[in-house]
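Here's the structure we're looking at; comments come further down.
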Amino acid sequence: MNVRPEWDEYFMAIAELVSSRSTCLRRKVGAVLVRDRRILATGYNGVPSGLVHCTTETCLREKRNIPSGSQQELCRGLHAEQNVIIQAALHGVSSKGSVLYCTHKPCVLCAKMIINAGIIRIVYQNPYPDPLGDELVNQAGLEVCIFKGRCNS
């Protein structure tokens with residue numbers, strides 16, 4: 001007998017599938033933007049549309065040995081959270097009052113975008129070393145759930 005997944009489990013599974021499209025060498029990240037249990041947009045990390053995908057020769061972070069959680073601006077790619085917000089905007093879909101499902105915790109750059117995009121809840125599965133992002137999200141009063149097969153909310 002199949003067990004029907006809870007909503008958080010369902011959307012997190014979709015975020016995992018979206019991450020499989022990532023072209024990043026370091027980590028595959030997927031994001032799904034949802035409102036009223038309907039998918040608004042999806043995004044994954046990678047270079048802007050039409051540009052050559054990252055390789056060991058073109059990845060600035062690998063070439064300069066930049067550790068995770070620092071100097072995010074030194075990257076040719078966009079984060080999944082950035083791409084999901086951009087995709088919603090590109091197609092005229094408001095992100096106000098939505099929930100972000102993401103395979104990884106947002107960094108500080110993405111946290112700022114999430115706050116200004118009107119997203120009210122973040123559900124993520126994997127850690128990311130960026131305490132300033134946590135601080136901003138907490139100050140903004142966003143609900144955050146670390147997904148471990150289920151959220152309490």
Side-chain angles (χ1 to χ4, degrees), residues 6-54 59-61 64 66-148 150-153:
E6 297 291 329
W7 287 108
D8 287 336
E9 181 182 3
Y10 173 73
F11 291 121
M12 188 56 72
I14 294 171
E16 287 286 343
L17 180 60
V18 170
S19 75
S20 69
R21 293 280 306 154
S22 170
T23 59
C24 181
L25 301 176
R26 288 190 164 190
R27 69 174 44 92
K28 308 285 186 201
V29 181
V32 179
L33 199 58
V34 174
R35 187 176 49 242
D36 298 326
R37 297 181 178 161
R38 300 288 181 253
I39 295 173
L40 304 176
T42 63
Y44 51 87
N45 57 331
V47 298
S49 297
L51 300 186
V52 176
H53 296 305
C54 291
C59 179
L60 296 173
R61 298 183 67 77
R64 297 179 186 181
I66 299 170
S68 289
S70 66
Q71 298 179 291
Q72 288 97 340
E73 71 281 2
L74 294 178
C75 180
R76 295 177 66 241
L78 292 156
H79 289 187
E81 303 95 323
Q82 294 167 337
N83 269 328
V84 77
I85 292 168
I86 291 167
Q87 285 301 307
L90 183 65
H91 296 287
V93 177
S94 173
S95 55
K96 185 175 183 179
S98 64
V99 177
L100 175 71
Y101 290 87
C102 195
T103 57
H104 292 71
K105 181 174 75 170
C107 71
V108 66
L109 297 175
C110 292
K112 292 185 277 188
M113 291 180 69
I114 289 165
I115 293 164
N116 276 0
I119 295 167
I120 60 172
R121 181 173 184 244
I122 301 168
V123 180
Y124 74 88
Q125 195 165 18
N126 300 299
Y128 187 79
D130 196 334
L132 183 55
D134 294 339
E135 184 181 324
L136 295 179
V137 165
N138 290 336
Q139 284 180 19
L142 274 66
E143 180 184 345
V144 177
C145 170
I146 303 169
F147 183 78
K148 296 179 180 173
R150 168 170 267 211
C151 283
N152 294 331
S153 50

Could you grab the distance from atom [atom1] of [X] to atom [atom2] of [Y], nearest 0.5 Å is fine?
{"X": "Arg121", "Y": "Asp8", "atom1": "CZ", "atom2": "CG", "answer": "4.5 Å"}
{"X": "Ile115", "Y": "Cys110", "atom1": "CD1", "atom2": "SG", "answer": "11.0 Å"}
{"X": "Ile119", "Y": "Leu142", "atom1": "CD1", "atom2": "CG", "answer": "8.0 Å"}
{"X": "Glu135", "Y": "Asp130", "atom1": "CD", "atom2": "CG", "answer": "10.5 Å"}
{"X": "Asn126", "Y": "Ile146", "atom1": "CG", "atom2": "CD1", "answer": "10.5 Å"}

Atom pairs and distances, donor-acceptor, side-chain atoms in residues 79-89, under 3.5 Å, two or more places apart:
unit_1	atom_1	unit_2	atom_2	d
Gln82	OE1	His79	N	2.8
Asn83	ND2	Tyr44	O	2.8
Gln87	OE1	His91	NE2	3.4

Atom of Cys75, atom of Leu60 and distance for their closest heavy-atom approach: N-CD1, 4.4 Å

Nearest heavy atoms of Ala111 and Gly133, plus distance in Å: CB-O, 3.8 Å

Report yes or no: does [X] contribute a side-chain atom to a donor-acceptor pair with the main-chain N or O of [Y] at less than 3.5 Å?
{"X": "Arg76", "Y": "Val52", "value": "yes"}
{"X": "Asn45", "Y": "Arg27", "value": "yes"}
{"X": "Thr42", "Y": "Val18", "value": "no"}
{"X": "Arg61", "Y": "Pro67", "value": "yes"}

Do [X] and [Y] have side chains that approach each other closer than 4.5 Å (heavy atoms only, starting at C-beta)?
{"X": "Leu136", "Y": "Val108", "value": "yes"}
{"X": "Val137", "Y": "Pro106", "value": "no"}
{"X": "Thr23", "Y": "Cys54", "value": "no"}

Trace of the side chain to side chain contact (heavy atoms under 4.5 Å, CB included) decision for His53 with Val47: CA-CA 6 Å; His53 296 305; Val47 298; 4.0 Å; yes

Which residues share a side-chain hydrogen bond (donor to acceptor under 3.5 Å, both in side chains) with Glu9, sequence neighbours left out: none

With sequence neighbours excluded, residues passing side-chain hydrogen bond (donor to acceptor under 3.5 Å, both in side chains) with Glu16: none

Ring pair (Phe, Tyr, Trp, His ring centres under 6.0 Å) partners of Phe11, counting only residues at least two apart: Trp7, Tyr101

Of all pairs that satisfy side-chain hydrogen bond (donor to acceptor under 3.5 Å, both in side chains), the ones with a partner from residues 103-119, not counting sequence neighbours: Lys105-Asp134

Test side chain to side chain contact (heavy atoms under 4.5 Å, CB included) applied to Ser22 and Val29, step by step: CA-CA 7 Å; Ser22 170; Val29 181; 6.0 Å; no

Partner residues of Pro127 under the side chain to side chain contact (heavy atoms under 4.5 Å, CB included) criterion, sequence neighbours left out: none

